[in-house]
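Read the structure below first, then the notes.
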Amino acid sequence: MPVPVTLTGRTVRLEPLAEHHAEALAAAGAEDRTTYAFTPVPHGLEAARDYIARALADQAAGRSLPFATVSTADDRVVGSTRFLELDYWRGPLVWPPAPGVPFGDPLLAVPDAAEIGNTWLSPRAQGTGVNTEAKLLMLRFAFEEWQVQRISLRADARNLRSRAAIERLGATCEGIRRAHSRGLDGVVRSTAFYSILDEEWPAVRDIIELRIAAATSPSAPDPALNQECLRHAPLIHA
């Protein structure tokens, strides 16, 4: 499994998720929950402990690398995010492929592709730039330290807020997988898929850094959204 790491920026710090985050995570999840319609967010201390236990079990199995999202302004936990869907392409070619199985020592594994997901923020942190900088930290680590070939992101097709946030990062919309899975509300959901490739990373990094600069300087340019996926994709498939 990849070695846990702390990623620190100007407004946010991503710490390896641990049991001691339970109370703070529960407090973050107890704020106004109206924005959590499409995202699993723990409600209460026991739910937070269970959330962390499940995340750490996935980490121990080599399936994910979860973080607590911490605001550097007051050291307050404001949410969580993680790398998941870790995939490994190095070593001898095996057919059919065995996704998620590294070659060599698994404790030294470095993925060739991964997904960023299971992301949620408390209402106080939404719209503050925390999510943008957190994504920059994770993408920079993935592309420049792990040297991955690809990072994926996804969202419930109905979740226009999350999809717009992904679009603003400069990720490419790959389309909608219709009736893909059961949603958090029990409705069969369609899923919007996005990706960033290693050769696209320098341009994406510039877009994100411009967005962060725009947050502190109103005169800085704000890159336009690529609205193709939002315009043409069906929003709900029951």
Side-chain angles (χ1 to χ4, degrees), residues 4 6-7 9 11-61 63-86 114-135 137-138 152-166 168-169 179-194 235-238:
T6 297
L7 305 176
T11 64
V12 66
R13 182 173 66 253
L14 301 178
E15 301 177 355
L17 189 64
E19 294 176 356
H20 68 80
H21 290 119
E23 289 190 10
L25 206 67
E31 296 180 23
D32 180 4
R33 296 180 61 84
T34 57
T35 60
Y36 300 150
F38 304 106
T39 305
V41 176
H43 194 189
L45 182 56
E46 288 306 311
R49 287 171 175 160
D50 182 66
Y51 182 91
I52 292 171
R54 290 173 181 270
L56 295 182
D58 277 349
Q59 178 180 315
R63 292 191 291 265
S64 71
L65 197 62
F67 297 93
T69 304
V70 181
S71 169
T72 58
D74 53 10
D75 279 334
R76 183 192 297 267
V77 173
V78 294
S80 183
T81 189
R82 70 187 68 178
F83 288 113
L84 64 159
E85 299 293 332
L86 306 176
E115 181 176 319
I116 294 175
N118 283 22
T119 302
W120 63 272
L121 287 174
S122 65
R124 76 172 63 220
Q126 295 173 16
T128 64
V130 164
N131 181 59
T132 302
E133 188 174 28
K135 289 296 192 295
L137 293 172
M138 295 179 77
S152 302
L153 305 102
R154 69 174 84 177
D156 188 314
R158 299 168 295 174
N159 192 349
L160 299 185
R161 181 189 182 105
S162 289
R163 290 172 60 189
I166 295 171
R168 283 194 294 268
L169 295 174
H180 173 239
S181 64
R182 189 179 184 186
L184 190 63
D185 56 1
V187 174
V188 175
R189 61 173 256 187
S190 298
T191 303
F193 285 84
Y194 298 83
L235 298 185
I236 301 176
H237 295 271

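Please read all numbers here as calculations on a predicted model, not as lab measurements.
- Scanning both residues, A134 and V12, for their nearest heavy atoms gives N-CG1, 3.8 Å.
- Of all non-hydrogen atoms in A37 and L184, the two that sit nearest each other are O-CD2, 3.7 Å.
- Between I166 and A155, the closest heavy-atom pair is CD1-CB, 4.2 Å.
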request  = Run the numbers on R13 and D75 for side chain to side chain contact (heavy atoms under 4.5 Å, CB included), then give the verdict.
outcome  = CA-CA 9 Å; R13 182 173 66 253; D75 279 334; 3.0 Å; yes
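- When all heavy atoms are compared, the tightest approach of G117 to L84 is N-CD2, 3.4 Å.
- The distance from the CG atom of D156 to the CZ atom of R163 is 9.0 Å, given to the nearest 0.5 Å.
- Listed for the E133 side chain is a donor-acceptor partner under 3.5 Å among the backbone atoms of T11.
- R54 has no carboxylate O lying under 4.0 Å from a charged side-chain N of D58, or vice versa, which leaves the two without a salt bridge.
- In this structure, the separation between CG on L65 and CZ on F67 is 4.5 Å, given to the nearest 0.5 Å.
- Residues R124 and D74 are not paired through a salt bridge, judged by the lack of any N-O separation under 4.0 Å between the basic side chain and the carboxylate.
- Rounded to the nearest 0.5 Å, atoms CG (L153) and OG1 (T119) are 8.0 Å apart.
- Summarising the geometry of F83 relative to M138, their closest heavy-atom pair is CZ-O, 3.4 Å, with the distance given to 0.1 Å.
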key: Check against side chain to side chain contact (heavy atoms under 4.5 Å, CB included), N131 and K135   = CA-CA 6 Å; N131 181 59; K135 289 296 192 295; 2.9 Å; yes
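- No side-chain donor-acceptor contact under 3.5 Å links E19 to the backbone of I52.
- In terms of heavy-atom proximity, S122 sits nearest to A28 at CB-O, 3.6 Å.
- Under the 3.5 Å distance criterion, the side-chain polar atoms of R158 are left unmatched by any main-chain donor or acceptor of F38.
- Side-chain contact between S80 and N118 is absent, with no heavy atoms from C-beta onward closer than 4.5 Å.
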task = Decide side chain to side chain contact (heavy atoms under 4.5 Å, CB included) for E23 and L45; before the verdict, give the C-alpha distance in whole Å, the side-chain angles of both, and the deciding distance to 0.1 Å.
result = CA-CA 6 Å; E23 289 190 10; L45 182 56; 3.8 Å; yes
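- Taking CG from N159 and CZ from R154, the interatomic distance works out to 13.5 Å, rounded to the nearest 0.5 Å.
- No side-chain N or O of S152 forms a donor-acceptor pair with one of E85 less than 3.5 Å apart.
- The side-chain heavy atoms of P42 and W120, taken from C-beta on, include a pair separated by under 4.5 Å.
- One distance of note links OG1 of T69 with CG of L17; it measures 9.0 Å at 0.5 Å rounding.
- Atoms CG and OH, on L169 and Y194 in that order, are 10.5 Å from each other to the nearest 0.5 Å.
- Remark: aromatic rings of Y36 and H43 are distant, center separation not under 6.0 Å.
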